[in-house]
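Accompanying notes for the structure given below.
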Amino acid sequence: MSSTKSNDKNIFALVDCNNFYVSCERVFNPFLINQPIVVLSNNDGCIIARSNEVKALGIPMGAPFHHYQHTLLQKGVQIYSSNYQLYGDMSERVMNSLKIFSPDVEVYSIDEAFVKFKYSNRRNYYEYLRTIKNSIFQWTGIPVSVGLGPTKTLAKIANSLAKKSKIEHIYDLSSPSTQIETLENIQVENIWGISKRWGAKLRLIGIGNALQLRNASPQKIRKYLGVVLERIVYELRGVSCLDIDQIQPRKNIMVSRSFGNPINNLTDLEQAISLYAVRACEKMRSQSSRAQTVYTFLRTNSFSKKNKQYSAGIMSGFNNPCSDTGYILNIVKKNLSQIYKEGYLYHKGGVMLVDLVPDNVHQRNLFERYDYQRSDSRMSAVDGINRKFGPGTIFYAAAGLKKDGDWQSRTHHLSPRYTTKWGELPHAY
DNA sequence: TCTGGGGTCCTAGGACCC
DNA sequence: TCTGGGGTCCTAGGACCC
């Protein structure tokens with residue numbers, strides 16, 4: 001690495017929302033503050049967010065809801081279905097708030113972001129992080145934890161320590177001496193990018209904590225485990241290998257769900273899968289892309305021991321990149337009837353739009369000239385109306401006629417979409 | 001009864017070409 | 001009969017993330 005002048009150096013903060021889904025629910029229902037709450041995955045299947053009170057009860061992340069339902073009710077835990085409209089909107093507010101502090105923000109997931117700053121040894125970063133944290137809370141109502149380090153990997157580690165420090169939720173890992181003290185207490189499996197399998201391999205060669213990995217030979221690590229791990233070694237040393245990624249369009253877009261109840265007929269499957277295809281197409285157009293291929297798949301419940309198992313999928317390429325819902329729906333339905341076999345209980349299915357390209361690139365097929373104009377104006381009219389008057393105002397008959405199919409996700413504990421004006425009213429319960 | 005839904009990157013190996 | 005060596009592209013699958 002060439003020597004970088006200190007005034008060229010950067011520093012990274014990782015800002016992570018505390019118990020994000022739970023915090024979103026609390027913003028609009030202050031009664032929930034200090035109450036134990038869980039938020040469930042689609043279909044009310046797993047526990048995917050827990051308030052601190054619930055974590056203290058020893059309820060694990062990702063656990064099947066039905067295993068703990070009894071305990072949760074007994075302890076008076078408030079239970080919520082996922083409300084992604086609400087969480088997505090709150091996420092956007094947090095991210096926009098961060099951009100006030102730096103233009104270099106990478107939205108890493110719905111609840112966390114990296115923020116890059118120019119490094120200056122005269123700046124009091126701890127105070128600055130506190131300002132960020134307090135501002136986000138004041139502007140959005142969402143509490144966050146902030147970790148700081150010279151690389152993204154170290155910022156990640158700092159963040160995990162910030163979350164543990166119950167008082168300030170801030171951890172500054174910018175100084176090399178702090179790094180050395182801290183890394184010794186971080187297990188390799190807890191480093192960003194290293195999970196159980198690689199952790200086990202590292203332990204085989206005597207590397208059990210982050211300090212040992214930092215001190216390992218990058219060349220050897222590369223030879224033994226590959227370039228990704230080598231980068232982590234450098235990152236732990238404070239040599240930045242991973243820069244901020246500005247939001248890039250997705251290369252694939254998938255919409256799939258487990259059905260609320262198993263499906264045993266093609267008609268219901270067509271409705272469900274068509275609905276997912278429509279959603280996928282909307283997502284695709286909202287990032288200004290077109291797909292070159294669509295993948296349609298189906299599967300039975302692999303957890304079930306008594307039912308026959310079957311799983312199938314089919315890829316279809318298009319002649320021209322396509323973003324037209326009607327066209328894609330036709331192909332998906334055709335493919336579905338090809339993979340559908342009678343006599344099975346289907347549990348999950350979905351659609352993936354593959355090999356997305358920007359919609360302004362007209363890499364036309366040599367022999368076929370496709371006129372995008374009519375399709376594009378039709379699609380933008382549909383999207384515009386649905387944006388203005390609410391999702392599903394205009395819909396495809398294939399996907400929407402029977403709105404109450406019993407295959408639809410179970411969401412028995414849904415909160416209102418407080419922030420998205422045109423959302424439907426919540427279920428009464 | 002009941003077990004989420006998305007994504008990314010890297011590598012090995014096959015197909016194909018000269 | 002004998003059957004090289006190197007390059008590129010693509011795909012499937014593995015590993016990881018939230």
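Sequence lines set the chain letters: A, B, ... in the order given, protein chains first and strands last, and positions in each chain run from 1. Remember, predicted model here, so these are calculated numbers, not experimental data. Hydrogens, waters and symmetry mates are skipped; everything else that's a heavy atom, side chains included, is used.
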So which one's nearest nucleotide on DNA chain B is more toward 5', A:H67 or A:G226?
A:H67
Can you classify the ring geometry of A:Y84 versus A:Y21 as parallel (below 30°), tilted (30 to 60°) or perpendicular (above 60°)?
perpendicular
Classify A:F65 by what it touches in the nucleic acid, base, sugar-phosphate, or nothing, heavy-atom distance under 4.0 Å.
nothing
So, are A:E189 and A:R203 salt-bridged, with charged N and O less than 4.0 Å apart?
yes
Would you mind classifying the nucleic acid contact of A:K201 as base, sugar-phosphate or nothing, using non-hydrogen atoms under 4.0 angstrom?
nothing
Anything under 30° is parallel, anything over 60° is perpendicular, the rest tilted; go ahead and classify A:F318 against A:Y327.
perpendicular
Using atom P of each nucleotide, how far apart are C:dT3 and B:dC17 to the nearest Å?
23 Å
Give a yes/no on whether any side-chain N or O of A:R410 is located under 4.0 angstrom from OP1 or OP2 of B:dT1.
no
Toward the 5' end of DNA chain B, which comes first, A:D44 or A:R250, by nearest nucleotide?
A:D44
Base partner of B:dC18, which must satisfy Watson-Crick or wobble distances under 3.5 Å
C:dG5
If you look at every strand shown and take non-hydrogen atoms under 4.0 Å, does A:N43 touch a base, only sugar-phosphate, or nothing?
nothing
Which of the following nucleotides, B:dG4, B:dC2, B:dG6, is nearest to the side chain of A:S258?
B:dG4
Is the distance from OP1 or OP2 of B:dC2 to the nearest side-chain N or O of A:H347 less than 4.0 Å?
no
At under 4.0 Å between heavy atoms, what does A:I110 touch on the DNA or RNA strands: base, sugar-phosphate, or nothing?
nothing
Phosphate contact (C:dC16 OP1 or OP2) by A:K196 side-chain N/O below 4.0 Å:
no
Output yes when A:E53 and A:R26 qualify as a salt bridge under the 4.0 Å nitrogen-oxygen rule, no when they do not.
yes
Any chance you could list the contact pattern along nucleotides 7-12 of chain C? Use B for base contacts, S for sugar-phosphate-only contacts and - for none, protein heavy atoms under 4.0 Å, 5' to 3'.
------
Answer yes or no: does a side-chain N or O of A:K251 lie under 4.0 Å from OP1 or OP2 of B:dG6?
no
Counting the atoms with a prime plus P, OP1 and OP2 as sugar-phosphate, which does A:I47 contact under 4.0 Å by heavy atoms, base, sugar-phosphate, or nothing?
nothing
Please check: side-chain N/O of A:Q78 versus main-chain N/O of A:P36, any donor-acceptor pairing under 3.5 Å?
no
Would one find a side-chain N or O of A:S256 under 4.0 angstrom from OP1 or OP2 of B:dG6?
yes
For the pair A:R130 and A:D172, find out whether any cationic side-chain nitrogen is under 4.0 Å from an anionic carboxylate oxygen.
no
From B:dT3, C:dC18, B:dG6, pick the nucleotide closest to the side chain of A:V255?
B:dG6
Could you check whether A:R231 gets within reach of a base, just the sugar-phosphate, or nothing at all, counting any heavy atom under 4.0 Å?
sugar-phosphate
Between C:dC17, B:dC2, C:dA15, which nucleotide gets closest to the side-chain atoms of A:H66?
B:dC2
Students often mix this up, so state it plainly: with edges at 30° and 60°, are the rings of A:F259 and A:Y276 parallel, tilted or perpendicular?
parallel
